[in-house]
Asker: 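This structure is in structure tokens; I'll ask about it shortly.
Letters A, B, ... mirror the listed sequences (proteins, then strands); counts begin at 1.
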There are 2 protein chains.
Amino acid sequence: MAGFQIDGEELHIHSLRGKIFTQLENDILRGKYKTGDVLNETKLSNELGVSRTPIREVLRQLELEGLVISIPNKGTIVRGLTKEDIEDIYEIRVLIEGVAARRATEKITTEQLAELEEIIHFEEFYTTKNDVAHLIKLDNRFHELIYRASNSRLLLRTLSSFHHYVEMVRNESFKVGVFAHAVLDEHRAIYSAISEKNCELAEVLMVSHIKNAFTRIEGSLQ
Amino acid sequence: MAGFQIDGEELHIHSLRGKIFTQLENDILRGKYKTGDVLNETKLSNELGVSRTPIREVLRQLELEGLVISIPNKGTIVRGLTKEDIEDIYEIRVLIEGVAARRATEKITTEQLAELEEIIHFEEFYTTKNDVAHLIKLDNRFHELIYRASNSRLLLRTLSSFHHYVEMVRNESFKVGVFAHAVLDEHRAIYSAISEKNCELAEVLMVSHIKNAFTRIEGSLQ
DNA sequence: TAAAGTATAATTGTATACAAGAATACAACT
DNA sequence: AGTTGTATTCTTGTATACAATTATACTTTA
């Protein structure tokens, strides 16, 4: 969990700041801090056992991400994600994740393809086990590998954060056994298209995968 | 230039940090700091007349934006934008800016519509004057108003940063008189579609506007 | 009692001090 | 000469101190 790579470069490799960032981001995404909550810097620094300086740096990053709002001389307020935000994320993902799949098919390396196959195998295993925690991690790996293989830092950056934002609702979706199996089938189909270098098919399958994913999570919104 | 609004909330309203952020961001986008340059915190704090603390907070934000890379205990290195990045940005914009236009048409307020009309009028004026600097600012206002009117913070955030990233190349494009007139015509058409509440037309026109914009800037890449 | 004003406390913004790690320069050695 | 080891310097990472702003509590006054 130290961070994912971009063309050999890593994000969040700063052990301390990276941990604080991940911690606070997850605390917001998972609802520990709710919309409107004020994030007190001193309190956070006590809780996390560091000084205010790294806390502030992380808060500024979260501000840029849009998860919190910073009001000068007053404080940092949690904004979180609304139902509408999540709907928007899926609408945008439907539009651009297909492109990522198409590009990935064109540019994926043998190593990445092997890793994708491995991910599918693990997904098959954990789907039968109904192991939601592992499935979510594998789902992250599956999609992020495709983002990375697309060889576009803009796609990687944009889609990774979107994908991460909706992790909580995806988590709910995996709890439904039928849904988990559907995800596996769709991933398998996408993997086949990619390994056969069928760009158009990969794109179409990915688009419908995201559409289906939205249908699956739609019920758990609100 | 203090910052743009989101539903009444503002970004970069912190006078000091906002200025430092804008300054450094522009210095990177405009090529003062080139890819590979190391940003020395002490040096920057001397140049900008502030301490290292706010400098570091801004560097962390630029890191999240992807404009710089931070290597622990070594420093912050400029990454900038490559030709490929800019091509990617336009490919993504083609896909999602149409959605923003459609949504904007559905949800735009009378005040925003009036502002859009005003922008068009100013654009007409400065196009005849060949005033590139003003045209760039008006182009920013035009597109950002539509992002805002779309009523989606995800669209606003994503598209605003993309639009800002390509400001440098757009600047070149406006210098060509024919191009400036073409932009004006396309903006006029989009405005008409929006004011007539023709969602589909607004979407189609915006998509072709972005495609044309890419054609116009394509030559000045590299 | 309600409102306004003031003093105090709390919180953020910035600067500085110190710690830890990395780069550099130079000397010693083979 | 080249290499290795060490000391020094430089830079980043973190903590703390102080300034400025805001919130709160309390008192005063009508």
Asker: Measure from CG on A:Leu48 to C1' on D:dA15 and round the result to the nearest Å.
Answerer: 15 Å
Asker: Applying a 4.0 Å non-hydrogen cut-off, can you work out what B:Leu59 is touching in the nucleic acid: base, sugar-phosphate, or nothing?
Answerer: nothing
Asker: Just jot down the ring pair (Phe, Tyr, Trp, His ring centres under 6.0 Å) partners of B:His164, sequence neighbours excluded, or say none.
Answerer: none
Asker: To the closest 0.5 Å, what do you measure between CZ (B:Arg56) and CD (B:Glu63)?
Answerer: 10.0 Å
Asker: Using whole Å, report how far CG of A:Leu44 lies from P of C:dT11.
Answerer: 12 Å
Asker: Roughly how many Å is it from CD in B:Glu57 to P in D:dT14, rounded to a whole number?
Answerer: 13 Å
Asker: Describe the nucleic acid contact of A:Ile55 in one word from base, sugar-phosphate, nothing, applying a heavy-atom distance below 4.0 Å.
Answerer: nothing
Asker: Is B:Asn40 close enough to D:dT11 that one of its side-chain N or O atoms is under 4.0 Å from OP1 or OP2 there?
Answerer: yes
Asker: Could you pick out which residue, B:Arg56 or A:Arg52, lies toward the 5' side of DNA chain D when each is mapped onto its nearest nucleotide?
Answerer: B:Arg56
Asker: Can you figure out which of C:dG21, C:dG13, D:dA15 approaches the side chain of A:Asn73 most closely?
Answerer: C:dG13
Asker: Between C1' on D:dT11 and CG on B:Asn46, what's the gap in Å once rounded to a whole number?
Answerer: 13 Å
Asker: Does atom NZ of B:Lys107 have more than 12 heavy-atom neighbours, drawn from other residues, nucleotides or ligands, at distances under 6.0 Å?
Answerer: yes
Asker: Does A:Lys74 put a side-chain nitrogen or oxygen below 4.0 Å from OP1 or OP2 of D:dA23?
Answerer: yes
Asker: Can you tell me how far the CZ atom of A:Phe142 sits from the CD1 atom of A:Ile120, to the nearest 0.5 Å?
Answerer: 4.5 Å
Asker: Take B:Glu41 and B:Thr53, find for each the nucleotide of DNA chain D with the closest heavy atom, and name the residue whose nucleotide sits nearer the 5' end.
Answerer: B:Glu41
